[in-house]
Amino acid sequence: MKLHEYQAKEVFAEAGIPTPASQLAGTVEEAVAAAESVGYPVAVKAQVQVGGRGKAGGIVLADDESEAREAAEDILGMDLKGYTVERVLVEAAVDFTNELYVGVTMDRGESKPVAMVSTRGGVDIEEVAAEDPEAITREHVDPAFGMYPYQARKAVYDAGVDRAAAGDVASVLSTLYDLWEDKDGADAEINPLMVTADDEVVAADAVFNVDEDALFRHPDLAEMEEEGEFSETELERKADEYGFDYVRLSGNVGIIGNGAGLVMTTLDLVDHYGGSPANFLDVGGGAKAERIANALDMVFSDENVDAVVFNIFGGITRGDEVAEGINQALEQFETVPKPVVVRLAGTRATEGMEILNTDLVTVEGTLEDAVQRAVEYAGTAADSGGVEQ
Amino acid sequence: MKLHEYQAKEVFAEAGIPTPASQLAGTVEEAVAAAESVGYPVAVKAQVQVGGRGKAGGIVLADDESEAREAAEDILGMDLKGYTVERVLVEAAVDFTNELYVGVTMDRGESKPVAMVSTRGGVDIEEVAAEDPEAITREHVDPAFGMYPYQARKAVYDAGVDRAAAGDVASVLSTLYDLWEDKDGADAEINPLMVTADDEVVAADAVFNVDEDALFRHPDLAEMEEEGEFSETELERKADEYGFDYVRLSGNVGIIGNGAGLVMTTLDLVDHYGGSPANFLDVGGGAKAERIANALDMVFSDENVDAVVFNIFGGITRGDEVAEGINQALEQFETVPKPVVVRLAGTRATEGMEILNTDLVTVEGTLEDAVQRAVEYAGTAADSGGVEQ
Amino acid sequence: MSVLIGEDSRVVVQGITGGEGRFHTEQMVEYGTNVVAGAVPGKGGQEVAGVPVYDTVAEAAAEADADTSVVFVPPAFAGDACFEALSVDELDVVVTITEGIPTQDMSRVYRRLQETDAYLVGPNCPGVITPGEAKLGILPGNIFEAGRVGLVSRSGTLTYQVVDNLTNRGIGQSTAIGIGGDPIIGTSFVEALALFEQDDRTDAVVMCGEIGGEDEERAAEYIDEYMTTPVAGFIAGRTAPPGKRMGHAGAIVSGSGTGTAESKITALEDADVPVGDTPEQVVDHVEDLL
Amino acid sequence: MSVLIGEDSRVVVQGITGGEGRFHTEQMVEYGTNVVAGAVPGKGGQEVAGVPVYDTVAEAAAEADADTSVVFVPPAFAGDACFEALSVDELDVVVTITEGIPTQDMSRVYRRLQETDAYLVGPNCPGVITPGEAKLGILPGNIFEAGRVGLVSRSGTLTYQVVDNLTNRGIGQSTAIGIGGDPIIGTSFVEALALFEQDDRTDAVVMCGEIGGEDEERAAEYIDEYMTTPVAGFIAGRTAPPGKRMGHAGAIVSGSGTGTAESKITALEDADVPVGDTPEQVVDHVEDLL
């Protein structure tokens, strides 16, 4: 779960990390008022949860009211990588001499947390990591003890941060780590952490992603998540509502399955047989009829989808309940909107196949056959539209 | 540093451990009003920091106003093991079916924390530990990870706590451990933790001793310590003010030295040569003249003292500065109140011996000689009183 | 000797009185698994599927001689349950089925695990099965057939798919291990492969990986350097776009070169591991290897 | 080889720029100790007593080849300083002088210490000296004389007293170790005795204990079972009343049978360790043993 920049800054500031004065705005007038209040020059920053906002025109500097107004007009309502910008953060621009990067994440290769510092802040840190891995100093943390202050200092000195600012940077990194640990962070990053001419440090951007699985013990963050949903797309909103692991892709074969590995394998097979997946949708383990119907609703909502393949291998999930769900979902349509191919295996698969209304769906016995059939339908249905009931 | 029962209960209650309703009272009228307010029956409990208050008459149950008045009259102002009772805690009496013991401390033998549970609560737990060690279940805690909930449960089940109350007892123990860890406890104990007929648990007593060395990071507890000093004896107050490690004993040879091991050795030698130590007083490392004068003032304040032996082996501490301090302290008296024997060794001892005003003190060259001389003085001075200047 | 579990395993089910715990205990018992105890605080003295329940795992080990645990405890308490299992010296295998355990909880469990001699499989895994002997977890027992091919996989239903293909082609399995798809897991591919390498009842191994992390790359190195038992591979997620989380927390492509399907497939092929494009092709490879 | 430190020790002083750190660095250098570096965050590039200062201990180890540390960092930061020292593999001896470190901080340091091969002496100790070669800490060098009697003690000034008595009677010391009087210390009597047992330059050992804890009782067992080098003992606190804290956090008598002076003296005498009633008597015993 990702916080918006303005939310992450709120969390960081509360923990004592210095951030610039800022105000959130939803309209041009609010943005102009906010700029007056924090004082020029300001940065007007789109609040959408995508990377590379700056390059895409989502961050604009403004020196006076007319520039602020223009920036807000440009940014509010703009489309940033598929998301409509509904709010901007208007923030006092910081006069800096250096831009650093500090971050904390879980290093899954080492199964332990890692704190990172780089003097190459202010740019895409993943590019730095790929091109010049040595430019990022990494300090692994023993999760039993947490991060000791000496580790923050060591990372900062090893990274080559100027001694005059090093103490403050180490203290920001310590605070960031403690936050990350206390609040079950997935990633916590400040990029750039600006250093001013008089060696003060300020978090000019803020990233805080929270471990979804730990959200239950952080009601404050769960509330922020809900508040931040204004920027979701329609399909994301639906996936959230239904509680699916869903990723939209660019193809036209809708895919529903149970278990991430099997769903990914289904995607791969669609590709293998010359088709193009429209999405990843995992209904999870033990899905009942209603959940199956919701999954179909999701995939039908995607206008790109021309055919759907259902691939269920039952362990906890029961084939007969899946079949019930498919029948229920499709029987409500006069015309089934897109052709659906079903493959059931494992627990109660035979019973499920018997239940399935073959007027509404195509049943296949193997994964390979089901995928091939769906790819074929998608190729033709792309022209013809729905299936008659 | 020991909190009073009423303070420890405040800390425990804030952390979510159930405690009985109670009010602190400094006068009989306040105590009666407090009893009305918490509701009869009540326990009236002397707030002094000594063990075995109950047996010594410091805890009395009262069923109505006249009993409460009588109890408060008896207890307020009474002498409990050398301390005058200045306040009582008036507390709702708990109707219990079982009395448990739970505690957390540092097991120095294992260099790690230990959580303890016993179904033999409500009595002197040290006696239980000595007579029937098996009656106390011990669960050692890895200080890197802290106490996991399963450990609290295991201790509680292993101790044989009834299953109906076990969950709540485990939860109290978990909370107690977390408190102990968060607030740098030395010992945290609830004895008894009462179990009521409907399996609720209530902390009927509360002990919380804090690691003096960690008090700097707990301003709230430091404030409580100050507030609780009303029950100190005059000499304890002085030791606190001067910042000495001081323990009063029952003999008549006052002892001042630097370093706990050396001071204890001086005590032992006093005993060895037939004398009886009046106190333990460690001036610590690097003591300057003023501190030395303060030490003399402390020991002179003890009316039991008939002679004083000063034993300083200088490492960081300088013999000349000690000698200055002794001279300064004694020169202010017309008559030195008690005979003082001084032995200086180590850093600048020779210089110190030269400085010492031998009209005011007796100087000895070895530890053994100094102690023997002080014991001799104490034997005669006990009859004669001070030394003429 | 079988891998991790077998007919001699004496199993305690942590969380046996919950819905999932109860249902799968019945299934495990029915399969023939020697479930000797359950452990749930406050439920000591009860019985589930004829199995006695104790308040603590230590008691289950002491009273019922349990040496293996399977964890069905809800995610908020599962980290604690793993710690409890690891604190009992008698337990040498712990299989954690629970999905959704906070990652930081698991990183502490992993840290503790390194100080013990136990194997922890999972979390977020379907379990472990030695067909015909014992099953721990939620795997559907009926699709498995005793035989001489080991299987190790990050994914549950993908495991079933591949096992089904194997069984349909008459190829039985020695042991199948679902190692789980979370960012932090106890037993890695390398450790699972090492167990199969030492197992005299395993003639070949199928390894089903996924995008994300570098565990498959490490496995390839291990196979190349140390393994004599042949391995066939499968990698799910070839078509996954970089930076997107695909269900499993583990299945995310970082974009940093490793972690992609391509990097994993190349690494395996460089270690002479044939990688199938489809599950059926994996079985073809296995047939070639046997 | 000397015990713990000697002429080859390359010492880094943590906290070298503080008042105590600076003063005692001068004293150590004057004594002939090979102090090669200081470590204080933010003070890298400075010099103290001719010794270069680095920002981190790791840098001091890398740049100045330090292999031994002495810690003069204030109590609030000393736990962190110990962790820092223990994180640097090159350091195999860490001597912590600081008094007043919170006990729980030290219990975590102790836990960490168990995972390393390093020796940590202290905290709240006067240090370690190998007379004529190297001195770490605050011990007054002038009272020591090189020789063949080892000394290990919980207490600072009591150590000086006993050393003074030894030196005055013409008995020199191989190494003297002040292990410190806190409830949790790195190197115990047993470990220190084991070092002397292995040291071919030590012919006898004096062990000065105190009331509180059971470290002396354990030492007695160790001496009885494993030591061939003779040991003489002294125990301070015979007249201390039970339950009273006497200066050192360690010097408290629990009243549970062990921890009293009597229990310790009996344990030592049972292990054939002669225990002196006075420091002078200890020296008599040492003369008998040599």
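Note that the structure is a prediction, hence the values are computed from the model and not measured. Chain letters run A, B, ... following the sequence lines, proteins first and then strands; every chain starts at 1.
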The reported gap from CG in C:Asp105 to CG in A:Asp184 (rounded to nearest 0.5 angstrom) is 6.5 Å
Specify the closest pair of heavy atoms between C:Gly237 and A:Asp268, including all atoms of both residues, with the distance to one decimal.
-> N-OD2, 2.6 Å
Among C:Thr159, C:Ile185, C:Thr278, C:Asp215, who wins on heavy-atom pairs under 4.5 Å with chain A?
-> C:Thr278
Looking only at heavy atoms, which two atoms of C:Gly213 and A:Arg108 are closest? And how far apart?
-> CA-NE, 3.6 Å
Bottom line for C:Tyr160: the part with an atom under 4.5 Å from chain A's heavy atoms is both
With a 4.5 angstrom heavy-atom cut-off, could you sort out which part of C:Arg218 is near chain A: side chain, backbone, both or neither?
-> side chain
Pick from C:Gln161, C:His24, C:Arg238 with the largest number of heavy-atom pairs that fall under 4.5 Å of chain A = C:Gln161
Segment of C:Phe234 engaging chain A (4.5 angstrom heavy-atom cut-off) = side chain
Non-hydrogen atoms of chain A under 4.5 Å away: do they reach the side chain of C:Gln27, the backbone, both or neither?
-> neither
Who wins among C:Pro140, C:Ser153, C:Cys208, C:Pro75 for the most heavy-atom pairs under 4.5 Å with chain A?
-> C:Pro140
Does any N or O in the side chain of C:Thr157 come within less than 3.5 Å of the main-chain N or O of A:Asn258, such that one atom is a donor and the other an acceptor?
-> yes
Cut-off 4.5 Å, heavy atoms of chain C, and the answer for A:Thr347 is side chain
Go through the side-chain N and O atoms of A:Asp211 and C:Thr103 and say whether any donor and acceptor fall under 3.5 Å apart.
-> yes
Which region of A:Ile312, side chain (C-beta onward) or backbone (N, CA, C, O), has a non-hydrogen atom less than 4.5 Å from a non-hydrogen atom of chain C, or is it both or neither?
-> neither
What closest approach, in Å, do A:Gly261 and C:Ser155 show between heavy atoms, and which atom pair accounts for it?
-> CA-OG, 3.3 Å
What's the spacing between C:Ile184 CD1 and A:Glu110 CD if we round to 0.5 Å?
-> 11.0 Å
Sole residue of A:Val270, A:Leu267, A:Leu249, A:Thr266 in side chain to side chain contact (heavy atoms under 4.5 Å, CB included) with C:Thr239 = A:Leu267
Give a yes or no on whether the backbone of A:Pro113 and the side-chain of C:Gln104 come within a donor-acceptor separation of less than 3.5 Å.
-> no
Criterion side chain to side chain contact (heavy atoms under 4.5 Å, CB included) on A:Asp213 and C:Ile101, from CA distance to verdict = CA-CA 6 Å; A:Asp213 291 332; C:Ile101 304 178; over 6 Å; no
Would one find more than 12 heavy atoms of other residues, nucleotides or ligands at under 6.0 Å from atom OH of C:Tyr222?
-> yes
Does the side chain of C:Ile143 come within less than 4.5 Å of A:Phe313's, by heavy atoms?
-> yes
Atom CD of C:Glu262: over 12 foreign heavy atoms under 6.0 Å = no
Looking at A:Lys112, A:Glu127, A:His272, which has the largest count of heavy-atom pairs under 4.5 Å with chain C?
-> A:His272
Which pair of heavy atoms, one from A:Arg217 and one from C:Pro102, lies closest together, and at what distance?
-> NH2-CB, 3.2 Å
Let me know if C:Leu139 has heavy atoms under 4.5 Å from chain A in its side chain, its backbone, both or neither.
-> neither
Return the option, out of C:Glu99, C:Gln114, C:Arg112, C:Arg108, with the maximum number of heavy-atom pairs under 4.5 Å with chain A.
-> C:Arg108
Atom OH of A:Tyr148: over 12 foreign heavy atoms under 6.0 Å | yes
In terms of heavy-atom contacts, does CZ of A:Arg120 have more than 12 from other residues, nucleotides or ligands at under 6.0 Å?
-> no
Between C:Arg111 and A:Asp142, is there a salt bridge with N-O shorter than 4.0 Å?
-> yes
